[in-house]
There are 2 protein chains.
Amino acid sequence: MSPTSTQRLLIVDDHPLFRKGVMQLIALLPEFEVVGEASSGEQGIELAYKLAPDIILLDLNMKDMSGVDMLKVVKAAGLEARVVMLTVSDQAEDLVAALRAGADGYLLKETEPEELLVKLREVGAGQVSITERLAQQLARSLRTDSPPREPDEAGLTDQERRILDLIALGMSNKLIARELDIAEGTVKVHVKHLLRKLNLRSRVEAAVWAVEKKKARQP
Amino acid sequence: MSPTSTQRLLIVDDHPLFRKGVMQLIALLPEFEVVGEASSGEQGIELAYKLAPDIILLDLNMKDMSGVDMLKVVKAAGLEARVVMLTVSDQAEDLVAALRAGADGYLLKETEPEELLVKLREVGAGQVSITERLAQQLARSLRTDSPPREPDEAGLTDQERRILDLIALGMSNKLIARELDIAEGTVKVHVKHLLRKLNLRSRVEAAVWAVEKKKARQP
DNA sequence: GTCCATCTACCTCTTTGGTGGTAGGGCGCG
DNA sequence: CGCGCCCTACCACCAAAGAGGTAGATGGAC
């Protein structure tokens with residue numbers, strides 16, 4: 001039940017080398033464990049049933065079937081796995097199709113390894129994660145299903161939002177406490193809560209998140 | 001000898017209320033101490049001599065003389081104080097004039113209080129700090145003097161730059177160590193060094209700095 | 001060759017950050 | 001009225017971060 005229990009992954013891609021690369025990469029993160037790999041859509045579906053993974057990394061372009069098709073099968077089967085599409089295509093149509101089919105993430109294969117890890121954790125936390133920032137908005141408008149799990153970007157209380165801003169300015173809890181004239185321990189409480197609500201793991205992530213959100217609003 | 005020895009401030013502004021407001025604000029930061037305030041340019045020059053402050057907060061528009069004029073006097077006198085211009089004017093000419101005269105900072109009075117504190121610390125660390133991001137580039141091209149103290153934005157080694165990027169992704173030192181296959185202690189060393197070079201105080205500031213730099217390059 | 005910067009590693013030490021729990025006062029809602 | 005939410009505050013505990021120091025290995029510059 002703990003929020004950081006290890007996530008079980010299934011990798012589906014017809015490029016063995018790519019699979020190995022991703023596995024090696026994921027091995028860096030202790031919270032993830034690769035429990036299976038498939039080299040085709042058919043095998044992928046089979047393993048998805050058998051292993052019931054938490055997350056499926058799914059190639060969009062496979063020889064025997066489209067990743068979107070496999071995605072549809074998986075989702076239609078009622079499997080609870082979140083599915084992250086991995087692809088070389090940055091075509092909007094592919095993205096839209098994947099999201100309509102219920103993808104929880106859409107990442108380009110050229111993504112930086114570190115970026116991929118970060119995105120993976122986002123998806124693991126229940127977020128919908130897309131490489132392109134703009135596509136993110138597009139995603140929300142298209143997805144009619146799964147309304148319950150959203151990053152609750154606006155669910156912060158006033159005080160939490162204020163503290164988040166101060167974190168983004170690089171202030172320590174102690175300084176924030178002086179600024180708001182409350183106890184440092186109280187600041188910690190608010191930080192703890194806002195991290196939970198935003199599915200973030202540290203004040204550093206919170207700061208980055210806040211900055212990127214601000215930039216996204218006024219470009 | 002601690003790198004955060006308190007900085008002595010002189011405030012020059014003909015609005016008493018504004019002076020008080022700034023003083024109250026600055027009282028929040030333990031590393032700064034207001035040692036004097038002046039309500040005119042003439043008095044400001046006198047106190048600048050007498051008190052030899054580390055930083056002078058200087059109103060651009062005063063009744064008896066322009067802030068730029070006082071700035072020139074102070075700089076010509078060989079005083080080592082860094083001077084931060086405070087103004088309501090966002091006119092480029094004023095900014096240029098102030099920078100030509102040797103200002104180390106140029107902040108608008110409508111600046112958010114927290115922002116002002118952050119900028120103050122930047123100036124305290126030897127940076128030249130300007131409110132407008134765009135003006136910052138403009139500033140560097142105009143300033144022919146004081147080439148020694150610059151944020152050294154490019155002075156990082158490859159490893160330091162790599163680690164900075166990972167920090168900006170929210171990774172802990174431990175994760176960075178795994179990613180780069182080096183010891184965590186070694187990561188700390190690099191972090192320590194890059195914080196020094198960039199005049200930053202924490203990994204949070206480093207992360208924000210990196211993100212904003214990236215956004216500034218590709219808007 | 002020496003000098004110097006870099007990368008690596010390890011050490012101690014203090015501060016900061018994050019989690020868990022408890023708890024009281026204020027405030028709106030049913 | 002009680003209930004839930006928010007804000008506040010405190011506690012203990014452990015992990016992480018940052019400062020300081022020493023030091024060996026490399027490789028390029030002089």
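Reminder, nothing fancy here: chain letters follow the sequence lines and each chain counts from 1. Atom set for the values below is all heavy atoms of this structure, side chains included, hydrogens, waters and symmetry mates excluded.
Rounded to 10 degrees, the angle separating the terminal helix axes of the helix from C:dG1-D:dC30 to C:dG30-D:dC1, each built from five base pairs, is 40°.
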Could I get a table of every N or O pair under 3.5 Å where one atom is in the protein and the other is in nucleotides 8-13 of chain D?
from	atom 1	to	atom 2	distance (Å)
D:dT8	OP1	A:Q159	NE2	3.1
D:dT8	OP2	A:Q159	NE2	2.6
D:dT8	OP2	A:H190	NE2	2.9
D:dA9	OP2	A:A183	N	2.6
D:dA9	OP2	A:T186	OG1	3.2

If you restrict it to nitrogen or oxygen atoms, what contacts under 3.5 Å exist between nucleotides 27-30 of chain D and the protein, and what is each distance?
none

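Scanning for salt bridge (charged side-chain N to carboxylate O under 4.0 Å, His left out) contacts around A:K50 gives A:E46, with sequence neighbours left out. With sequence neighbours excluded, the residues that form a side-chain contact (heavy atoms from CB on, under 4.5 Å) with B:A38 are B:V12, B:Q43, B:L47. Every residue was checked against the salt bridge (charged side-chain N to carboxylate O under 4.0 Å, His left out) condition with B:R178, not counting sequence neighbours, and none meets it. Qualifying side-chain contact (heavy atoms from CB on, under 4.5 Å) partners for B:D181, counting only residues two or more places apart in sequence or in other chains: none. Applying the side-chain contact (heavy atoms from CB on, under 4.5 Å) test to A:V191 and every residue at least two apart in sequence or in another chain returns A:I163, A:I167, A:N173, A:V187, A:L195, A:R203. Remark: B:K192 engages no residue in a salt bridge (charged side-chain N to carboxylate O under 4.0 Å, His left out) (not counting sequence neighbours). Listed by chain and residue number, nothing satisfies the salt bridge (charged side-chain N to carboxylate O under 4.0 Å, His left out) test with A:E184 (two or more places apart in sequence, or in another chain).
Identified under the salt bridge (charged side-chain N to carboxylate O under 4.0 Å, His left out) test for residues 20-30 of chain B, with sequence neighbours left out: B:K20-B:E37.
Using a 4.0 Å cut-off, some side-chain N or O of A:K174 falls inside it from OP1 or OP2 of C:dT16. OP1 or OP2 of D:dG20 sits under 4.0 Å from a side-chain N or O of B:R196. Close to D:dA17, at under 4.0 Å from its OP1 or OP2, lies no side-chain N or O of B:K192.
Between A:V74 and A:I56 there is a side-chain heavy-atom pair separated by less than 4.5 Å. Within the 4.5 Å cutoff, the side chain of A:R161 has no heavy atoms near those of the A:L194 side chain. Contact annotation: the side chain of B:E160 never approaches that of B:L164 to less than 4.5 Å [non-hydrogen atoms, C-beta and beyond]. B:I11 is listed as a side-chain neighbour of B:M23, based on a closest heavy-atom distance under 4.5 Å. Contact annotation: the side chain of B:M85 never approaches that of B:L57 to less than 4.5 Å [non-hydrogen atoms, C-beta and beyond].
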Base, backbone or nothing for each nucleotide of nucleotides 24-30 of chain C, written B, S, -, heavy atoms under 4.0 angstrom, 5' to 3'?
-------
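Rounded to whole angstrom, the span from the CE atom of B:M171 across to the C1' atom of D:dA16 amounts to 16 Å. One can place CZ of B:R161 at 10 Å from P of C:dC7, the figure rounded to the nearest angstrom. Regarding A:I167, its CD1 atom lies at a distance of 15 Å from the C1' atom of D:dA17, rounded to whole Å. Taking atom CD1 of B:I176 as the reference point, atom C1' of C:dT8 lies 16 Å away to the nearest angstrom. Look at CG on B:L194: it is 16 Å from C1' on C:dA5, rounded to the nearest Å. Remark: C1' of D:dA17 and CG of A:N173 are 13 Å apart, rounded to the nearest angstrom. Summarising the geometry, the separation between CG on A:L166 and P on C:dG17 is reported as 13 Å, rounded to the nearest angstrom. Remark: P of C:dT6 and CG of B:D158 are 10 Å apart, rounded to the nearest angstrom.
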Stepwise, does the side-chain contact (heavy atoms from CB on, under 4.5 Å) test hold for B:L120 with B:I55?
CA-CA 9 Å; B:L120 242 191; B:I55 301 179; 4.2 Å; yes
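Of the candidate nucleotides C:dG18, C:dT6, D:dG18, C:dT6 has the atom lying nearest to any side-chain atom of B:T157.
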